[in-house]
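What you see below is based on every heavy atom in this structure, not just the backbone, and it leaves out hydrogens, waters and symmetry mates. What you are looking at is a predicted structure, and each value in this text was computed from that prediction instead of being measured. Sequence lines set the chain letters: A, B, ... in the order given, protein chains first and strands last, and positions in each chain run from 1.
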There are 6 protein chains.
Amino acid sequence: MNELDGKLDPKGIALRREVLGDTYVDNSLDGSDEFSWPLQELVTSHCWSDLWARPGLPIATRSLVVVAMLTALNRPHELRTHLRGALNNGCSAEEIREVLLQSAGYCGFPAALDGFRVAREVFAEEGIEFPKV
Amino acid sequence: MNELDGKLDPKGIALRREVLGDTYVDNSLDGSDEFSWPLQELVTSHCWSDLWARPGLPIATRSLVVVAMLTALNRPHELRTHLRGALNNGCSAEEIREVLLQSAGYCGFPAALDGFRVAREVFAEEGIEFPKV
Amino acid sequence: MNELDGKLDPKGIALRREVLGDTYVDNSLDGSDEFSWPLQELVTSHCWSDLWARPGLPIATRSLVVVAMLTALNRPHELRTHLRGALNNGCSAEEIREVLLQSAGYCGFPAALDGFRVAREVFAEEGIEFPKV
Amino acid sequence: MNELDGKLDPKGIALRREVLGDTYVDNSLDGSDEFSWPLQELVTSHCWSDLWARPGLPIATRSLVVVAMLTALNRPHELRTHLRGALNNGCSAEEIREVLLQSAGYCGFPAALDGFRVAREVFAEEGIEFPKV
Amino acid sequence: MNELDGKLDPKGIALRREVLGDTYVDNSLDGSDEFSWPLQELVTSHCWSDLWARPGLPIATRSLVVVAMLTALNRPHELRTHLRGALNNGCSAEEIREVLLQSAGYCGFPAALDGFRVAREVFAEEGIEFPKV
Amino acid sequence: MNELDGKLDPKGIALRREVLGDTYVDNSLDGSDEFSWPLQELVTSHCWSDLWARPGLPIATRSLVVVAMLTALNRPHELRTHLRGALNNGCSAEEIREVLLQSAGYCGFPAALDGFRVAREVFAEEGIEFPKV
């Protein structure tokens, strides 16, 4: 919880915290100044309250869809954030891997290779380990 | 079934037919000549046998992930094909809509608007109707 | 004016009509069904009420900025819409031309050539003519 | 030859005609008005005189490199133009096919499929036929 | 001033220095070798002499248009350079912010978030501070 | 040679080693775990055995085509890898430079500038030096 939460869309900030975690969200909010604050308001309202909070798709599936878009769009910083979100939303590492593998065929291998590099860093930070081949 | 099927990866062509439908696949194969045939071989083997046929993700979820990538990549021709595939794989119109709405926040509204335009054409061709507002 | 306006963000729909024109907006609204209606709500609220209506940038400059983005993003359908909007917002054909020429250096000549093609169609439809060279 | 040639970079317009053909270039020039003329000047000077006319790469290889870029950039109109240019520069259909196939792995299959579609139209217009499989 | 200036388009190098600053331009020129020199010649002539120096658009507006394109194109290194240029050309931080906010709706939030991150670094380096929220 | 080679497509891994070098490939393989191994299998089979090993285009030309695609696609990590591959495949620094210069006209100067930056780092690491201007 953060005193700035009260200035943001309540449904949006609650879901954003649930998916991305308090540490990440507090960092974003505490780093805000009057230059960047309008973006915090818009992302909380537009993305979280008006999109992520919609019914019609399980939230884990929504995470996989966002991972797919970010891989295609070549946005590694947001991909890192939403890979953590995908784990929080209950996606397994195997499901995430399948999305990234599927990107090899649709976005090309460079997109998939870049996506795997980010995913392995996130998994290492989260203490998720895989056996060596 | 098509006599050219025998020249293609068997697992790949079977799944490609199951997802995209015989009419679409027969058109692709019958239109092939020696210029384009290697691409038919590669797409059947690489995309269908080696990616779509993998376990680890329900095939309907894989469809939504591919719809997400194609929306981000701005590839309306393939998007049309895979929207039909998504319906064949059991995705509901509502689930497809949620993926396209989510793209508004991550790929921008022009991507979402272009995606909706393609989706409405596909749904009209498939006889799927929605009540007027 | 359209009876559906009442279901949309009032500030957003008013500005959207002012910039894009009643004919365009009525076509979008009248063509809506329950599949596409949520996108109409979001675009009216997110793009028009929360972005276009902001102070801090003259609306003609905002139009040029959006033309620049759509040229870079390769979205000709939305580019067409916003070239009309730019004219409505008081941008001159010369200013629009300068944005498209600038895209040659930053997005590459194919982007600029595609942008000029759309612009010439829009100008022809709007009755704006230029002397032959 | 066209009376407007005299207003353009001489080295650039000569090479542009050689690669893209007189019909294409005359159409571009004759369709010009004062709105689009600056782009004709810039493309002739920047692309043709300052890039295409450079030594250091055989012109057929330069064509294949441009086909690769246009496939990656998703610019079908310019791809069509430069596929014709590649044929004029002595590239074989097989070499063009290899570039498009290579794009499947690096840009993804949707890029390759879109590229093949354009290539087959160009080849048909040029009377280049391939045996059925 | 730099002895290499004499080898470059005079109008272009003068404007490039005016917009991007001597420190940046001297670094680019002093770091040049025969491999990269042709690019220095082309960027000075094509971008600066032939595009930036054109009349028809106030130079501050041209800066905002370039910031919009670079945000859409996902090119953070050039975005950093041209955010500095925008400040030199008299754009206010508020105007820059409005362009980046507008990108949220047209390029998607990941583009806007990446753009804000670069902008805040540039502003910090330039000693521009904003009150905390 | 690496004990994991035996688990990969033999034609693909041999060519991948020949083009990218043993050091790079051994790093990729030794860093693999069960999460990333399927991508190693796919890239070796799809890209190397099924695309790079194809006849129809000299391997040096194929390298230039891939450099062109990666520049357009904005994938600096893979560009670095394939610039080294291009040198191994016999491309000269001058040929590579021409591809990157050509990208200025087709992908825009930001793509060319980013590509030159990566190329100069690769050349420095490989001990390739150019005279100062």
As an exercise, state the distance from CG of Leu79(A) to CD of Glu121(A), rounded to the nearest 0.5 Å.
10.5 Å

Does Trp37(A) reach the side chain of Leu8(A), with side-chain heavy atoms less than 4.5 Å apart?
yes

Looking at side-chain heavy atoms only, is the closest gap between Thr81(A) and Leu20(A) below 4.5 Å?
yes

Name the region of Ser103(A), side chain, backbone, both or neither, that has any atom closer than 4.5 Å to a heavy atom of chain B.
both

Give the member of Gly56(A), Pro55(A), Gly105(A) that has the highest number of heavy-atom pairs under 4.5 Å with chain B.
Gly56(A)

Top contributor to chain A interface from Val67(B), Val99(B), Thr61(B) [non-hydrogen pairs under 4.5 Å]
Val99(B)

CG of Leu29(A) to CD of Glu3(A): how many Å apart, nearest 0.5 Å?
10.5 Å

With a 4.5 angstrom heavy-atom cut-off, which part of Val66(B) approaches chain A: side chain, backbone, both or neither?
side chain

Validation row: Trp48(A), Lys11(A) side chains within 4.5 angstrom (heavy atoms)
no

Okay, Cys47(B) and chain A: the region with an atom under 4.5 Å from a heavy atom over there is side chain

Pick one of side chain, backbone, both or neither for Arg75(A), based on which atoms fall under 4.5 Å of a heavy atom in chain B.
neither

So which atom in Leu73(A) and which in Tyr106(B) form the shortest heavy-atom distance, rounded to 0.1 Å?
CD1-O, 3.2 Å

Can you tell which of Pro58(B), Ala72(B), Ala111(B) has the highest number of heavy-atom pairs within less than 4.5 Å of chain A?
Ala72(B)

Most heavy-atom pairs under 4.5 Å with chain B, out of Arg54(A), His46(A), Glu78(A), belong to Arg54(A)

Could you check which of Thr71(A), Val43(A), Asp50(A), Val65(A) has the highest count of heavy-atom pairs closer than 4.5 Å to chain B?
Val65(A)

Do Pro76(A) and Asp114(A) have side chains that get closer than 4.5 Å, going by heavy atoms?
no

